[in-house]
Amino acid sequence: MKTSFRSLLLAFSLVVLAGTAHSQPAETPVYLTVTTLHWNMDNADFSMDKWKAIEKEYFDKVTNKNEFIAGSLVLLHLFTADNTELKIVNAYTSWENIDKAGARSDELSEAAWPDKAQRDAFFKSQSAYYTNFHSDEIYSNLPYAKPLMTKSTEPLIYYIMVSQLGFPEDGTNKEAGDLMAEYANKVISKNPNVLAYYPSRHAWGANSQDFVEAYVLKSFDGIEKAMDADIELRKTAWPDEAARKDFFAKRNKYFTGQHADYVYTSVPELTK
């Protein structure tokens with residue numbers, strides 16, 4: 001059986017994760033796999049239009065028909081440290097569905113290209129756009145997200161902030177969760193410039209301290225507008241300055257103060 005390039009990548013992501021509790025409803029995606037690929041800069045026939053057509057064919061015939069993939073997203077470099085990177089994000093409602101999705105994608109691939117020679121040729125043309133090097137992470141969603149209400153037909157901006165979590169001696173998991181949820185509910189969810197907000201915690205990957213916040217915005221200048229609106233919303237949520245300072249002092253003790261910022265743009269044709 002010919003295994004697709006995408007299924008091989010997914011297979012690298014499968015590890016056993018235990019002891020993670022979630023409070024989301026059963027049908028809410030609770031796991032995200034993030035695969036970072038890199039463009040093959042030696043591909044003499046590189047064409048964004050051809051690449052998009054190939055990936056759209058795979059999306060229509062496999063990803064979009066895979067019932068175990070609750071959502072899918074392709075993000076392209078806009079302002080990051082590496083202009084060759086692109087990220088494929090898949091969402092799942094259970095850990096078991098990650099494994100099931102890989103097997104189901106293989107089945108759908110065989111059904112889409114029943115002739116082995118044609119199937120091999122398609123996956124060869126798909127993989128020609130990428131190098132052999134990639135990285136994988138798995139994240140668990142947090143329950144205070146602001147979901148995107150409508151699917152966009154235009155590219156959206158994804159501003160990603162990766163903060164490093166700290167844990168003070170007098171801290172508790174409950175306090176940390178309550179503080180972050182309070183801020184999300186009182187500020188981020190009310191920010192008109194933020195179309196969607198997805199916070200998540202490291203589940204498997206390079207750094208267990210990673211706390212990832214994905215802000216979805218309509219345009220690049222929406223980042224600055226969202227930050228300005230946040231300042232005013234904080235004053236509204238905690239009008240007493242002393243109370244506001246006390247809240248942020250408590251919240252900030254759960255972070256080291258170190259963070260990194262990344263900006264990507266989505267590919268609406270490849271969004272589930």
Side-chain angles (χ1 to χ4, degrees), residues 22-35 52 55-56 59-60 63-79 86-94 97-98 101 137-163 177-201 203 211-237 261-272:
H22 302 279
S23 58
Q24 291 97 331
E27 293 306 313
T28 301
V30 294
Y31 292 109
L32 299 174
T33 61
V34 181
T35 296
K52 188 178 293 186
E55 288 296 348
K56 183 66 164 63
F59 176 83
D60 290 340
T63 303
N64 207 30
K65 292 183 178 181
N66 193 324
E67 65 271 28
F68 299 111
I69 299 177
S72 188
L73 178 70
V74 175
L75 297 176
L76 303 181
H77 153 91
L78 195 58
F79 285 94
L86 63 157
K87 292 182 180 290
I88 298 174
V89 184
N90 287 329
Y92 308 87
T93 58
S94 72
N97 280 357
I98 300 176
E137 293 86 31
I138 302 179
Y139 297 94
S140 56
N141 281 358
L142 296 170
Y144 41 85
K146 177 182 179 179
L148 191 64
M149 300 308 294
T150 58
K151 183 177 178 180
S152 176
T153 58
E154 298 295 327
L156 295 175
I157 296 298
Y158 280 71
Y159 166 56
I160 311 294
M161 178 184 287
V162 182
S163 302
D178 289 347
L179 289 167
M180 293 178 192
E182 183 177 358
Y183 182 78
N185 293 331
K186 289 183 176 180
V187 178
I188 299 172
S189 67
K190 297 182 184 298
N191 193 321
N193 303 286
V194 177
L195 302 180
Y197 169 72
Y198 299 102
S200 60
R201 283 290 313 274
F211 176 73
V212 181
E213 297 172 277
Y215 296 81
V216 185
L217 307 121
K218 188 174 182 179
S219 60
F220 185 76
D221 64 355
I223 299 175
E224 184 176 3
K225 292 177 181 178
M227 290 180 177
D228 290 341
D230 272 359
I231 294 173
E232 297 305 316
L233 286 166
R234 291 171 190 171
K235 294 177 182 179
T236 301
D261 303 283
Y262 310 86
V263 183
Y264 299 92
T265 182
S266 66
V267 184
E269 298 92 336
L270 305 178
T271 302
K272 181 178 182 179

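Only a predicted model underlies this, so the values are computations on that prediction, with no experimental measurement involved. Nothing fancy with the numbering, it's 1 onward along the sequence.
Although no hydrogens or angles enter the test, the distance criterion places no donor-acceptor pair under 3.5 Å between the side chain of T63 and the main chain of F59. A donor-acceptor pair under 3.5 Å links the side-chain atoms of S189 to the main chain of A184, judged by distance alone. The main-chain N or O of I69 is never found under 3.5 Å from a side-chain atom of N90 such that the two would form a donor-acceptor pair.
Rounded to the nearest 0.5 angstrom, E224 CD and N193 CG are separated by 10.5 Å. Here the CG-OH distance, from L75 to Y158, works out to 6.5 Å after rounding to the nearest 0.5 Å. Note: Y159 OH to L78 CG = 13.5 Å, rounded to the nearest 0.5 Å. Here the straight-line distance linking atom NZ of K272 with atom CG of D60 works out to 11.5 Å at 0.5 Å rounding. Taking NZ of K146 as the reference point, atom NZ of K190 lies at 10.0 Å (rounded to 0.5 Å). The line from CG of L76 to NZ of K52 is 8.0 Å long, rounded to the nearest 0.5 Å.
The environment of E269 atom CD is dense: over 12 non-hydrogen atoms of other residues, nucleotides or ligands sit within 6.0 angstrom.
Looking at heavy atoms from C-beta onward, Y31 lies out of side-chain contact with N97 at the 4.5 angstrom threshold. The closest side-chain heavy-atom distance from T153 to P268 is not below 4.5 Å. Using a 4.5 Å cut-off on side-chain heavy atoms (C-beta onward), R201 and Y139 make no contact. Counting only heavy atoms from C-beta outward, the side chains of K186 and L233 never approach each other to under 4.5 Å. V34 is not listed as a side-chain neighbour of V212, based on a closest heavy-atom distance of 4.5 Å or more.
Closest approach of L32 to A91, counting heavy atoms only: CD2-CB, 3.6 Å. Looking at every heavy atom in both residues, P155 comes nearest to S266 through CB-O, 3.5 Å. The two atoms that bring A70 and T93 nearest to each other are CB-CG2, 4.1 Å, heavy atoms only. In terms of heavy-atom proximity, L148 sits nearest to A196 at N-CB, 3.5 Å.
With L195 as the partner, the side-chain contact (heavy atoms from CB on, under 4.5 Å) test is satisfied by one option alone out of L156, T150, I157: L156. Tested against F79 for a ring pair (Phe, Tyr, Trp, His ring centres under 6.0 Å), the candidates Y264, Y262, F220 yield a single pass: F220.
Side chain to side chain, N141 and Y198 fail the donor-acceptor criterion of an N or O pair below 3.5 Å.
Ring orientation note: the planes of Y144 and Y197 are close to parallel, at an angle under 30° on the 30°/60° scale.
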Practice item. Check the pair Y215, I188 against side chain to side chain contact (heavy atoms under 4.5 Å, CB included), reporting the backbone distance first and the verdict last. Key: CA-CA 9 Å; Y215 296 81; I188 299 172; 3.7 Å; yes

